[in-house]
Amino acid sequence: TSRIQRLKLLKNEEFNLNDIREAVRNLYQKTMKKIQVIFYEGTKNLPDRILTEFSLWKKECIFDSKTELYTMTLYYSSYDEKEILIRLLSYGAYIKISSEEDDNYVCEELKRRVKLQRDKFQIRDLER
């Protein structure tokens with residue numbers, strides 16, 4: 001069955017696509033965040049995997065041939081923070097994350113989750 005239960009046509013109201021686009025653009029600008037993801041190429045073809053994984057978001061990626069490090073700056077809306085966090089967590093110790101923002105949710109939540117996991121391992125070791 002359809003989820004639309006009822007439809008009512010409103011008189012004298014117009015839908016202006018340009019107004020909606022501008023409102024979305026303004027909302028995106030107000031909620032814009034960025035984070036840096038640093039990684040080596042390694043044996044797991046990380047550059048290709050990470051750039052594909054985050055293809056939905058704007059990003060810049062730079063390769064430093066001296067250090068052989070990739071630095072990807074990822075731009076995203078604060079509405080996407082949990083999605084970004086979950087995707088980054090899947091790379092584990094293969095990536096390093098940093099942010100210039102003091103209150104970046106993704107960085108803080110990542111630190112909290114890693115600390116929680118470490119504490120759980122320590123408790124398990126003590127139980128043995």
Side-chain angles (χ1 to χ4, degrees):
T1 65
S2 176
R3 291 185 180 256
I4 298 174
Q5 303 274 323
R6 191 173 110 186
L7 184 62
K8 181 178 177 183
L9 183 59
L10 301 175
K11 295 181 181 178
N12 299 327
E13 289 198 27
E14 292 181 15
F15 177 81
N16 187 326
L17 183 59
N18 289 331
D19 289 345
I20 300 299
R21 283 183 178 154
E22 186 63 28
V24 169
R25 192 174 301 122
N26 288 338
L27 178 64
Y28 185 74
Q29 290 300 324
K30 287 179 185 176
T31 63
M32 177 63 67
K33 301 273 186 179
K34 72 178 182 178
I35 196 166
Q36 284 192 327
V37 181
I38 302 166
F39 52 93
Y40 288 103
E41 184 165 356
T43 59
K44 298 192 176 279
N45 195 18
L46 280 181
D48 186 48
R49 289 178 54 209
I50 288 176
L51 292 172
T52 301
E53 178 92 30
F54 295 99
S55 62
L56 298 175
W57 292 275
K58 180 181 173 183
K59 67 197 133 322
E60 297 167 349
C61 192
I62 299 169
F63 176 70
D64 184 339
S65 59
K66 292 179 184 175
T67 61
E68 296 188 357
L69 278 175
Y70 290 86
T71 302
M72 178 181 75
T73 304
L74 181 64
Y75 301 89
Y76 60 93
S77 167
S78 60
Y79 293 111
D80 292 333
E81 287 176 325
K82 287 189 180 178
E83 179 69 23
I84 298 294
L85 174 69
I86 291 167
R87 290 177 186 231
L88 289 172
L89 281 169
S90 70
Y91 290 96
Y94 292 103
I95 62 173
K96 178 182 178 183
I97 299 169
S98 66
S99 174
E100 296 171 358
E101 302 163 351
D102 292 332
D103 63 341
N104 186 285
Y105 169 82
V106 174
C107 284
E108 294 305 313
E109 184 64 13
L110 185 67
K111 288 176 193 175
R112 188 189 72 77
R113 289 185 184 202
V114 168
K115 183 183 180 307
L116 183 65
Q117 189 68 34
R118 185 194 66 209
D119 293 347
K120 286 183 179 185
F121 279 127
Q122 288 176 346
I123 289 170
R124 293 264 170 120
D125 286 342
L126 291 174
E127 290 175 348
R128 291 183 187 172

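By convention here, the first residue in the shown sequence is residue 1. Values below: all heavy atoms of this structure, side chains included; hydrogens, waters and symmetry mates excluded.
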Establish whether Y94 and L74 are linked, either directly or via other cluster members, by ILVMFWY side-chain heavy-atom contacts under 4.5 Å.
-> yes

Applied to residues 15-29, the salt bridge (Lys or Arg N to Asp or Glu O under 4.0 Å) test, sequence neighbours excluded, yields E22-R25

Give the table of side-chain donor-acceptor pairs shorter than 3.5 Å for residues 104-113, with sequence neighbours excluded, one pair per line with atom names and distance.
| residue | atom | partner | partner atom | Å |
| --- | --- | --- | --- | --- |
| N104 | OD1 | V106 | N | 3.0 |
| N104 | OD1 | C107 | N | 3.1 |
| N104 | ND2 | Y76 | OH | 3.3 |
| N104 | ND2 | S99 | OG | 3.3 |
| N104 | ND2 | E101 | OE1 | 2.9 |
| E109 | OE1 | R112 | NE | 3.1 |
| E109 | OE2 | R112 | NE | 3.3 |
| E109 | OE2 | R112 | NH2 | 2.7 |
| E109 | OE2 | R113 | NE | 2.9 |

CD of E100: more than 12 outside heavy atoms within 6.0 angstrom?
-> no

So with a 6.0 Å cut-off around OH of Y75, is the heavy-atom count from everything else above 12?
->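 Check passes, neighbour count above 12.
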
State which residues pass ring pair (Phe, Tyr, Trp, His ring centres under 6.0 Å) with Y79; sequence neighbours excluded, sorted by chain then number.
-> none

By salt bridge (Lys or Arg N to Asp or Glu O under 4.0 Å) - contacts of K115 (at least two apart) |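 Once residues adjacent in sequence are excluded, the partners of K115 under the salt bridge (Lys or Arg N to Asp or Glu O under 4.0 Å) criterion are D119.
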
Mind checking what makes salt bridge (Lys or Arg N to Asp or Glu O under 4.0 Å) contact with E60, not counting sequence neighbours?
-> none

Can you list the residues that meet the side chain to side chain donor-acceptor pair (under 3.5 Å) rule with T31, with sequence neighbours excluded?
-> S77

Taking side chain to side chain donor-acceptor pair (under 3.5 Å) as the test, write out the residues that go with S98, two or more places apart.
->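 None.
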
Review item, side-chain donor-acceptor pairs of residues 47-55, under 3.5 Å, at least two apart:
| residue | atom | partner | partner atom | Å |
| --- | --- | --- | --- | --- |
| T52 | OG1 | D48 | O | 2.8 |
| E53 | OE1 | Y91 | OH | 3.3 |
| S55 | OG | T52 | O | 3.1 |

According to side chain to side chain contact (heavy atoms under 4.5 Å, CB included), who are the partners of [X], at least two apart in sequence or on a separate chain?
| X | result |
| --- | --- |
| F15 | L17, I20 |
| K11 | none |
| T67 | D64, L69 |

Derivation and outcome, side chain to side chain contact (heavy atoms under 4.5 Å, CB included), residues L46 and Y70 | CA-CA 9 Å; L46 280 181; Y70 290 86; over 6 Å; no

Interatomic spacing from CG in L85 to CD in E83 - rounded to 0.5 Å | 9.5 Å

Spatial distance of atom CG (D80) from atom OH (Y28) [nearest 0.5 Å] | 8.0 Å

Would you check if M72 and I95 make a side-chain contact, meaning some heavy-atom pair closer than 4.5 Å?
-> no

Donor-acceptor list for residues 33-41 side chains, cut-off 3.5 Å, not counting sequence neighbours:
none

N/O donor-acceptor pair under 3.5 Å between K8 side chain and R6 backbone = no

